[in-house]
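We number each residue from 1, following the sequence as shown.
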Amino acid sequence: MMNRRQFVSRAALGAAVTRFPNLLGAKAVKYDLIVKGGRVIDPSRKLDAVRDVAIADGRIAAVASDISAEAAETIDAHDKLVVPGLIDIHTHAARVKGGPEMCLADGVTGLIDAGSQGADHIADPIAIAKSAPQPCRVLINIGRAGILPDGDTMDLNRADVAAAKAAIADNREMIAGVKARLSRDVAGMNDLEVLRRAQEVASSFHLPVMIHMGQTMSPLSKLFPLLKSGDVVTHMFAPPPNSIIDDSGHILPEVMAARKRGVRFDLGNGRSGHLRWDMADSILKAGFLPDTFSTDWTPEGRTAGVIDFPNVMSKFLMLGMPLDQVIACATVNASRAFPVFHNRGTLKPGAPADIAVLELREGSFEFVDNYTNNRTGKQRLFPSATVLGGKRVARG
Ligand SMILES: [Zn+2]
């Protein structure tokens with residue numbers, strides 16, 4: 001039994017050890033977390049090498065080989081890839097409670113809900129985005145009733161400029177842009193006018209427009225001149241009518257012109273109408289690479305077709321894109337699309353410590369496009385661990 005004096009002195013020692021860990025000869029805990037021994041691929045710094053990544057106070061503190069200082073926690077990343085946290089710029093994660101958390105477990109540390117709702121119900125996705133663990137913003141659908149089975153803006157009155165402007169003015173922090181879905185089954189003959197109205201709304205707040213292309217009534221030669229620098233074209237691999245490439249394998253001049261003036265081109269994997277392998281083959285062969293990947297994530301896509309962001313990325317490994325470019329499309333490139341991500345998508349010391357630990361497995365993996373065509377790839381990325389703001393995310 002300890003007597004009272006011993007107890008008091010032990011308690012005092014305990015407090016001293018907490019404050020001055022060297023008193024007992026233990027090494028000082030210098031870092032909160034070290035991700036050890038992984039293959040670090042950080043396209044923002046053109047780095048591809050085995051490194052340790054050390055984290056302190058929620059930020060990347062050091063990226064170096066064999067960091068020997070003590071850390072409160074270690075993630076063993078041997079035989080794994082360590083990349084900046086993934087940024088998914090086209091999801092519908094804010095349509096469902098718990099959506100952002102599910103994406104986080106897949107390595108997604110930043111995301112955009114792209115037009116699930118318009119002015120009438122914008123409060124719903126905003127509430128979910130606000131409670132998301134990772135940075136999450138929404139694009140407002142120019143159709144005031146949001147996504148409708150019979151077409152968001154088939155009735156042109158729903159493309160309500162005043163309503164969208166009022167919604168943005170009320171939620172300036174959370175609305176990162178305007179979404180215009182332009183396919184014939186969404187906007188019909190109204191596509192051009194819907195895009196004009198989306199631009200009228202967006203430009204008064206200096207925000208980008210994201211268009212959903214593919215199977216539009218109007219040709220791209222009419223639609224694309226309305227796009228400004230910083231706007232995003234999603235579903236870039238959508239098959240005809242009105243794809244970005246002609247029958248002889250040339251990228252359309254209006255597409256080249258749009259890229260030249262700073263319009264971004266995004267995958268938007270989704271489930272139907274957006275991705276067909278032969279289109280991806282010819283567009284990549286023409287040298288027109290995506291700027292960003294995105295999943296167009298929904299709870300339904302999670303079980304078939306999309307699965308998770310690493311699976312979507314793996315499709316482009318199969319299609320022949322080099323690994324570092326695949327990572328770039330999901331990290332540093334995506335970080336440039338929206339200001340909320342501007343200091344992310346990188347493992348640069350000082351940046352917020354958002355990290356995806358991925359496993360690159362070799363084997364035989366089936367991938368499906370949006371037209372039930374299967375292809376077999378030899379590699380597949382799997383989520384292994386996620387770090388958000390310097391803290392390891394508990395596995396769900
Ligand atoms: Zn979508």
Side-chain angles (χ1 to χ4, degrees), residues 88-91 114 179-187 191 195 210-224 227 231-260 263-298 301 304-307 309 311-322 325-326 328-330 333-334 337 365-380:
D88 193 344
I89 67 163
H90 179 175
T91 77
K179 178 83 179 286
R181 298 172 73 235
L182 302 179
S183 298
R184 57 189 60 198
D185 60 345
V186 178
D191 54 6
L195 178 51
M210 177 187 280
I211 66 159
H212 154 140
M213 68 158 288
Q215 304 97 41
T216 50
M217 294 297 284
S218 300
L220 301 187
S221 59
K222 287 244 162 47
L223 294 168
F224 275 29
L227 299 176
D231 285 350
V232 180
V233 174
T234 192
H235 308 316
M236 64 175 284
F237 297 106
N242 295 316
S243 62
I244 66 170
I245 195 165
D246 67 18
D247 290 342
S248 56
H250 294 104
I251 302 292
L252 303 182
E254 57 269 27
V255 174
M256 300 300 282
R259 170 163 273 182
K260 208 170 162 196
V263 174
R264 300 172 197 281
F265 286 80
D266 176 63
L267 162 63
N269 189 117
R271 291 195 303 152
S272 66
H274 309 319
L275 174 63
R276 208 174 71 196
W277 297 136
D278 61 333
M279 294 300 300
D281 284 338
S282 43
I283 290 167
L284 295 177
K285 194 174 159 211
F288 197 84
L289 299 183
D291 294 300
T292 52
F293 292 151
S294 65
T295 57
D296 199 359
W297 188 97
T298 55
V306 171
I307 313 293
F309 202 178
N311 184 55
V312 166
M313 294 160 71
S314 306
K315 295 173 188 181
F316 286 80
L317 294 175
M318 180 194 71
L319 292 167
M321 270 179 74
Q325 286 183 30
V326 164
C329 283
N333 294 4
F365 303 98
E366 287 288 302
F367 299 103
V368 61
D369 65 8
N370 288 177
Y371 291 82
T372 66
N373 301 304
N374 284 293
R375 278 196 188 177
T376 305
K378 294 193 177 75
Q379 294 177 311
R380 195 324 198 163

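- Partners of Gln379 by side-chain hydrogen bond (donor to acceptor under 3.5 Å, both in side chains), not counting sequence neighbours, listed by chain and number: Glu362.
- When the ring-ring contact (aromatic ring centres under 6.0 Å, His included) test is applied to Phe309, no partner is found at least two apart in sequence or on another chain.
- In this structure, Leu319 and Trp277 have side chains that are in contact, with non-hydrogen atoms separated by less than 4.5 Å.
- Considering all non-hydrogen atoms of both residues, Gly301 and Arg271 come closest at CA-CD, 3.6 Å.
- Phe367 is linked by a ring-ring contact (aromatic ring centres under 6.0 Å, His included) to nothing, counting only residues two or more places apart in sequence or in another chain.
- Ring geometry for His274 versus His212: interplanar angle over 60°, hence perpendicular rather than tilted (30 to 60°).
- Pairs engaging residues 280-292 under the side-chain hydrogen bond (donor to acceptor under 3.5 Å, both in side chains) rule: Arg259-Asp291, Asp266-Thr292, Asp281-Arg375 [sequence neighbours left out].
- The residue from Asn311, Leu275, Val312 that alone fulfils the side chain to side chain contact (heavy atoms under 4.5 Å, CB included) condition with Val306 is Val312.
- Within a 6.0 Å radius of CG in Asn374, more than 12 heavy atoms belonging to other residues, nucleotides or ligands are found.
- Remark: Asp231 engages Gln199, Pro208, Val209, Leu227, Lys228 in a side chain to side chain contact (heavy atoms under 4.5 Å, CB included) (not counting sequence neighbours).
- A pairwise comparison of heavy atoms in Gln215 and Gly273 identifies NE2-O, 3.0 Å as the closest pair.
- Contact record, Thr234 with Ser294: OG1-OG, 4.2 Å, taken as the closest heavy-atom pair.
- To the nearest 0.5 Å, atoms CZ (Phe365) and CE (Met318) are separated by 12.5 Å.
- Residues Ser218 and Asp191 bring a donor and an acceptor atom of their side chains to less than 3.5 Å of each other.
- Within the 4.5 Å cutoff, side-chain heavy atoms of Met321 are placed close to those of Pro290.
- Considering CE of Met217 and NZ of Lys222, their distance stands at 12.5 Å, rounded to 0.5 Å.
- Scanning both residues, Ala286 and Gly249, for their nearest heavy atoms gives CB-O, 3.8 Å.
- Met279 pairs by the side chain to side chain contact (heavy atoms under 4.5 Å, CB included) definition with Pro239, Pro240, Ser243, Ile245, Arg276, Ile283, not counting sequence neighbours.
- Within the model, atoms CG of Leu220 and CD1 of Ile211 stand 7.5 Å from one another, a figure rounded to the nearest 0.5 Å.
- Closest non-hydrogen pair, His235 versus Asp296, comes out as CE1-OD2, 3.3 Å.
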Item checked: Working for side-chain contact (heavy atoms from CB on, under 4.5 Å), residues Leu252 and Ile244 -> CA-CA 6 Å; Leu252 303 182; Ile244 66 170; 5.6 Å; no

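- Partners of Asp246 by salt bridge (charged side-chain N to carboxylate O under 4.0 Å, His left out), not counting sequence neighbours: none found.
- Applying the side chain to side chain contact (heavy atoms under 4.5 Å, CB included) criterion to Thr376, with sequence neighbours excluded, gives Ser364, Glu366.
- Of the residues listed (Phe288, Tyr371, Phe316, Phe265), the one engaging Phe237 in a ring-ring contact (aromatic ring centres under 6.0 Å, His included) is Phe316, and it is the only one.
- Interatomic distance, Glu254 CD to Ser221 OG, rounded to the nearest 0.5 Å: 5.0 Å.
- Interatomic distance, Lys315 NZ to Leu267 CG, rounded to the nearest 0.5 Å: 8.0 Å.
- To the nearest 0.5 Å, the span separating CG on Asp369 from CG on Asn269 amounts to 9.0 Å.
- With sequence neighbours left out, the side chain to side chain contact (heavy atoms under 4.5 Å, CB included) criterion links Ala337 to Ile89, Arg264.
- In plain terms, the two heavy atoms of Cys329 and Ala334 that are nearest each other are O-CB, 4.0 Å.
- Applying the salt bridge (charged side-chain N to carboxylate O under 4.0 Å, His left out) rule to Arg380 yields the partners Asp308; only residues at least two apart in sequence or on another chain are considered.
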